[in-house]
Visitor: 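Below you'll find the structure I mean.
Every number for a ligand or one of its atoms is a count from 1 in the order of the listing. If you read the sequence from its start, that first residue is 1, and numbering goes on from there.
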Amino acid sequence: MQTRLFRAVGWSSAAVLAVLGVAVFLLVLTSVKDAALPTRNKYGLVFDAGSTHTALYIYRWPADKENGTGIVSQVEACTVSGPGISSYADNATGAGASLKPCLDKAMEIIPVEQQRETPTYLGATAGMRLLREQNSTKAEQVFAEVSKAIAEYPVDFRGARVLTGNEEGSFGWITVNYLLETLVKFSFAEKWEHPRDTEVLGALDLGGASTQITFQPGVPIEDKNTSVFFRLYGTNYSLYTHSYLCYGQTQALKMLLAALHQAFSGLYHNLHFLNLTRGQSLSSVQATIRQFCTSSWEKVQKEFPTEKRDHLRDTCAASSYTLTLLVQGYRFNHTTWLNIHFVRQVANIDVGWTLGYMLNLTNMIPSEIPQRVTGLKRSNWTAATVLLAIMLILIFSLLTVICCQKTPSGYEML
Ligand SMILES: *[C@@H]1O[C@H](CO)[C@@H](O)[C@H](O)[C@H]1NC(C)=O
Ligand SMILES: *[C@@H]1O[C@H](CO)[C@@H](O)[C@H](O)[C@H]1NC(C)=O
Ligand SMILES: *[C@@H]1O[C@H](CO)[C@@H](O)[C@H](O)[C@H]1NC(C)=O
Ligand SMILES: *[C@@H]1O[C@H](CO)[C@@H](O)[C@H](O)[C@H]1NC(C)=O
Ligand SMILES: *[C@@H]1O[C@H](CO)[C@@H](O)[C@H](O)[C@H]1NC(C)=O
Ligand SMILES: *[C@@H]1O[C@H](CO)[C@@H](O)[C@H](O)[C@H]1NC(C)=O
């Protein structure tokens, strides 16, 4: 009588244990997907071949968080010495050779086992656009030589090409909005969401030989030449973008512009030297520039004793040109001026087209919001823990039953 009772308890416990075991396995197995491997970094390289100089940007991001925002970091921005690649029109091999010191630097940074899977791009802007218009054979020779130089390195080289002005503007816009997390954000509810209270930002950019403006207008764009469409993280963006080539006018203006863009280029740099990038009013900016430009050369040198003479000489022209572009060209007024934020970097990443270009070409900005399952879901984890606890209790009761079971037959049955 007692033996039968023990057997019944034993069998039913075993059955319950088996069911619970299967349940725990299912809970764990179905939810562990990409959490198994330790986080690995991925790298990407983009050459920005501008009209006055070339720079190599080295980016890094955790492989398991590919589709998030703000997770790409800039490891290095290596400036290639010498002029832009379009200046090598008559010495194309020189263009290729000029890139090598920066590529060597990249190879020191990227772990050897990851070099072969590092996507590498070269994008050329206004300087090469102009060279291609003047003599396309020469432009092709320059591209052939830079491609040859990059192909000597063990990277996943995906080509060198000229970006259109619209692409330059659009990718700059993507960079800014990606870095400021206005496209998608991982909310407190642990979901990817389109941020409701933030608006996407427009992007203005002054390169060595062109200037770009890109923004989301409130009205439909009729001219297809200036409109671009993106679907990013589940939201449609219809943008206005326009690129103006600055060259092609008088030789004097060409020389002036070339001088303005020796250091770095851009709206930020031209105004930053006079401390005008801190959100001052338009009147105050105008007054400061007027004051600087009417100062005597002696006074200016005394005021900035450590500054290079060339830079000091061009400061008046550069800041006046920038102000004219924004006020006369883009028609910013005293009110709208206050909406302009002059930035060189966001989160230690240079703001330019290169990051947006890489993000798009590596499909890191999916058109739909990513659905990620990382590790165990909290609810599954709780359920698994409770089931394991019940299993332990059952195992203990079972052991107790076995220990107290004296008849050999009952023992065999288990
Ligand atoms: C373009 O460059 C090539 C090679 O440098 C030269 O042979 C050709 O004459 C040039 N064409 C024009 C239109 O200048
Ligand atoms: C758009 O671009 C094409 C080719 O560059 C040009 O022929 C056309 O006139 C442009 N359209 C407008 C509305 O500017
Ligand atoms: C967004 O664009 C897609 C085409 O890519 C279209 O099918 C969809 O209807 C658009 N959604 C909205 C809300 O406009
Ligand atoms: C800009 O501001 C910094 C500190 O705020 C100051 O040291 C520097 O002299 C200023 N430069 C000019 C041109 O006003
Ligand atoms: C982004 O990349 C895709 C290819 O992956 C390409 O088809 C698309 O045109 C690119 N977007 C832009 C604006 O160039
Ligand atoms: C990122 O998005 C792409 C396209 O939606 C997808 O194929 C890829 O698996 C995603 N990567 C991660 C790490 O979620």
Visitor: Just which atoms of ligand 6 are under 4.0 Å from any heavy atom in Asn67?
Guide: 1 (C), 2 (O), 3 (C), 8 (C), 10 (C), 11 (N), 12 (C), 14 (O)

Visitor: Examine Phe215 together with Tyr240 and report whether their ring centres are nearer than 6.0 Å.
Guide: yes

Visitor: Excluding sequence neighbours, so at least two apart, what forms side-chain contact (heavy atoms from CB on, under 4.5 Å) with Asn166?
Guide: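 Partners of Asn166 under the side-chain contact (heavy atoms from CB on, under 4.5 Å) test: Thr164, Thr241.
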
Visitor: List in chain and number order the residues that pass side-chain contact (heavy atoms from CB on, under 4.5 Å) with Ser367, two or more places apart in sequence or in another chain; answer none if no residue qualifies.
Guide: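 side-chain contact (heavy atoms from CB on, under 4.5 Å) check on Ser367 returns Arg231.
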
Visitor: Enumerate the protein residues lying less than 4.0 Å from ligand 3, judged by heavy-atom distances, in chain and residue-number order.
Guide: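 Protein residues near ligand 3 are Phe229, Arg231, Asn236.
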
Visitor: Does Ala89 have any side-chain contact (heavy atoms from CB on, under 4.5 Å) partners at least two apart in sequence or in another chain, and if so, which?
Guide: Leu131, Lys138

Visitor: Compute the ring centroids of Tyr121 and Tyr357, then answer whether they are less than 6.0 Å apart.
Guide: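 Yes, close enough.
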
Visitor: With ring centroids as reference points, do Tyr43 and Trp61 lie under 6.0 angstrom apart?
Guide: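 Between Trp61 and Tyr43, which both carry aromatic rings, the centre distance is not below 6.0 Å.
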
Visitor: Going by salt bridge (charged side-chain N to carboxylate O under 4.0 Å, His left out), Glu117 matches just one of Arg40, Lys42, Arg158. Which one?
Guide: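 Between Glu117 and the candidates, salt bridge (charged side-chain N to carboxylate O under 4.0 Å, His left out) is satisfied uniquely by Arg40.
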
Visitor: Please indicate whether any nitrogen or oxygen in Asn135 is less than 3.5 Å from any nitrogen or oxygen in ligand 1.
Guide: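 By distance alone, the answer is yes.
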
